[in-house]
Amino acid sequence: MTRFLKRPFFERDTLTVAPELLGREIIFNNTKLKKKKGVIVEVEAYTKDDPACHASKGLTKRNEPMFGPGGYSYIYFIYGMYFCLNFVTEVNGVPGAVLIRALEVSGNEDERIASGPGKLCMYLNITKDYNKIDCCREDSPLVITKTNLLKDFSIVQTKRVGISHAKEHPWRWYVEDNKSVSKLIR
DNA sequence: TGCTGGATTATC
DNA sequence: ATAATCCAGCAA
């Protein structure tokens, strides 16, 4: 028994896994800094046949974690200044990932301190050092709880954010009326 | 070896 | 609406 999500949870269809992450808690223990955590309130799915997915054109140095087993982290650097956190889905050999777009942080924090993929990595102190780590290990510094911390919430499904391709999939899910979601618009 | 644009954010 | 800021990916 364990408190945290394990490999079988992640090694399923990306579009199934993504919305199931809503309400669960990410716990990140950067050993040199303060332990941080937050409840997932917004996610997006990226699959292999999708032009917007980093893995759509095959294996490269950057997207390599996406091709490995589910339950690993995939962290990339974007716009010269931000990191984005993903959890790898699908079995070994099949690329796929869920981008974590927003966390609700309890306590005295600003409710929008982690309301965006770049902001949440700054809040958690996540960097490339934690790329491709196995989040299913019991001693992993980065884990997700099995328990859902939100109750009686509704899920809204919409188009993804920041995708410039003509055809776009409705593969963004967020907790309805949650103050920590990245964008207020639909 | 050089160029381009991006799964973003804060500010104007 | 646009600057900040840099590197992966691709063309050559």
Side-chain angles (χ1 to χ4, degrees), chain A residues 10 12-22 24 26 28 30 36 38-90 94-105 109-133 135 142 144 155-175 178-186:
Chain A
F10 296 101
R12 294 180 295 150
D13 183 82
T14 308
L15 302 184
T16 302
V17 175
E20 288 187 21
L21 285 170
L22 295 174
R24 302 180 198 265
I26 290 181
F28 180 58
N30 184 325
K36 296 288 185 75
V39 176
I40 300 169
V41 295
E42 180 181 350
V43 295
E44 283 179 2
Y46 289 87
T47 67
K48 67 177 193 302
D49 295 321
D50 159 27
C53 177
H54 289 170
S56 65
K57 291 177 179 169
L59 179 67
T60 66
K61 182 174 123 191
R62 178 175 66 162
N63 67 28
E64 188 260 332
M66 291 181 83
F67 286 79
Y72 276 68
S73 60
Y74 168 47
I75 296 162
Y76 64 89
F77 189 55
I78 191 70
Y79 293 109
M81 58 187 100
Y82 300 110
F83 291 103
C84 290
L85 170 65
N86 297 251
F87 289 92
V88 175
T89 55
E90 313 281 354
V94 179
V98 177
L99 171 68
I100 307 302
R101 286 196 55 90
L103 301 178
E104 177 183 289
V105 179
E109 300 284 355
D110 170 7
E111 66 193 7
R112 300 193 62 75
I113 190 87
S115 64
K119 293 173 77 174
L120 100 226
C121 285
M122 286 191 284
Y123 174 73
L124 294 174
N125 296 307
I126 291 242
T127 64
K128 204 77 183 283
D129 294 343
Y130 293 88
N131 185 34
K132 206 188 174 190
I133 63 168
C135 302
L142 178 64
I144 305 178
I155 296 175
V156 180
Q157 181 173 3
T158 67
K159 289 192 305 183
R160 294 175 298 183
V161 177
I163 309 297
S164 55
H165 299 74
K167 287 191 176 179
E168 181 38 9
H169 299 288
W171 291 348
R172 175 191 184 211
W173 293 266
Y174 64 86
V175 175
N178 188 284
K179 299 287 202 309
S180 304
V181 166
S182 70
K183 300 210 171 175
L184 312 166
I185 52 116
R186 294 191 183 181

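No hydrogens, no waters, no symmetry mates; every other heavy atom, side chains included, goes into these values. The sequence lines fix the lettering, A, B, ..., with proteins before strands; numbering per chain opens at 1.
The stretch residues 60-68 of chain A touches DNA chain C through A/T60, A/K61, A/R62, each having a heavy atom under 4.0 angstrom from the strand. At a non-hydrogen distance threshold of 4.0 Å, A/Y46, A/A52, A/H54 from residues 44-56 of chain A come into contact with DNA chain B.
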Give each protein N/O atom lying under 3.5 Å from an N/O atom of nucleotides 3-6 of chain C, with the pair distance.
| unit_1 | atom_1 | unit_2 | atom_2 | d |
| --- | --- | --- | --- | --- |
| C/dT5 | O2 | A/Y79 | O | 2.5 |

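Although no hydrogens or angles enter the test, the distance criterion places no donor-acceptor pair under 3.5 Å between the side chain of A/K48 and the main chain of A/V94. When atom types are taken as modelled, the side chain of A/R101 and the backbone of A/V181 share no donor-acceptor pair closer than 3.5 angstrom. No donor-acceptor distance shorter than 3.5 angstrom exists from the side chain of A/T89 to the backbone of A/G70, with no hydrogens or angles considered. Although no hydrogens or angles enter the test, the distance criterion places no donor-acceptor pair under 3.5 Å between the side chain of A/S182 and the main chain of A/A102. In this structure, A/R160 contributes its side chain and A/A45 its backbone to a donor-acceptor pair below 3.5 Å. Under a 3.5 Å cut-off, the side chain of A/Q157 and the backbone N or O of A/P170 do form a donor-acceptor pair. At least one donor-acceptor pair closer than 3.5 Å links the side chain of A/S73 to the backbone N or O of A/K132.
Scanning DNA chain B for stems, defined as runs of 3 or more consecutive Watson-Crick or G-U wobble pairs whose donor-acceptor distances all fall under 3.5 Å, gives the following ranges: B:1-6 with C:6-11, B:8-11 with C:1-4.
The line from CD1 of A/I144 to CG of A/L21 is 5.0 Å long, rounded to the nearest 0.5 Å. Atoms OH and CG, from A/Y123 and A/D110 in turn, are 10.5 Å apart once rounded to the nearest 0.5 Å. One finds the CG atom of A/L124 at 6.5 Å from the CD1 atom of A/I26 (value rounded to the nearest 0.5 Å).
Ring geometry for A/Y74 versus A/Y76: interplanar angle of 30 to 60°, hence tilted.
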Subject >> Steps toward side chain to side chain donor-acceptor pair (under 3.5 Å) verdict (A/N63, A/T60) >> reply: CA-CA 6 Å; A/N63 67 28; A/T60 66; 3.2 Å; yes
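Contact record, A/P95 with A/E90: O-CG, 4.1 Å, taken as the closest heavy-atom pair. Nearest approach of A/T14 to A/G96, heavy atoms of both residues: OG1-CA, 4.0 Å.
Between the CG atom of A/L59 and the C1' atom of C/dC10 there is a distance of 16 Å, given to the nearest Å. C/dC7 atom C1' lies 14 Å from atom OH of A/Y76, rounded to whole Å.
Scored by the ring pair (Phe, Tyr, Trp, His ring centres under 6.0 Å) test, A/F10 finds no partners at all (sequence neighbours excluded).
For DNA chain B, the outermost nucleotides in 5' to 3' order that have an atom under 4.0 Å from a heavy atom of chain A are B/dG6 to B/dA10.
If you take atom C1' in C/dT2 and the same atom in B/dG5, they sit 15 Å apart, rounded to whole Å.
When heavy atoms are screened at a 4.0 angstrom cut-off, A/L99 is found touching base atoms of the nucleic acid.
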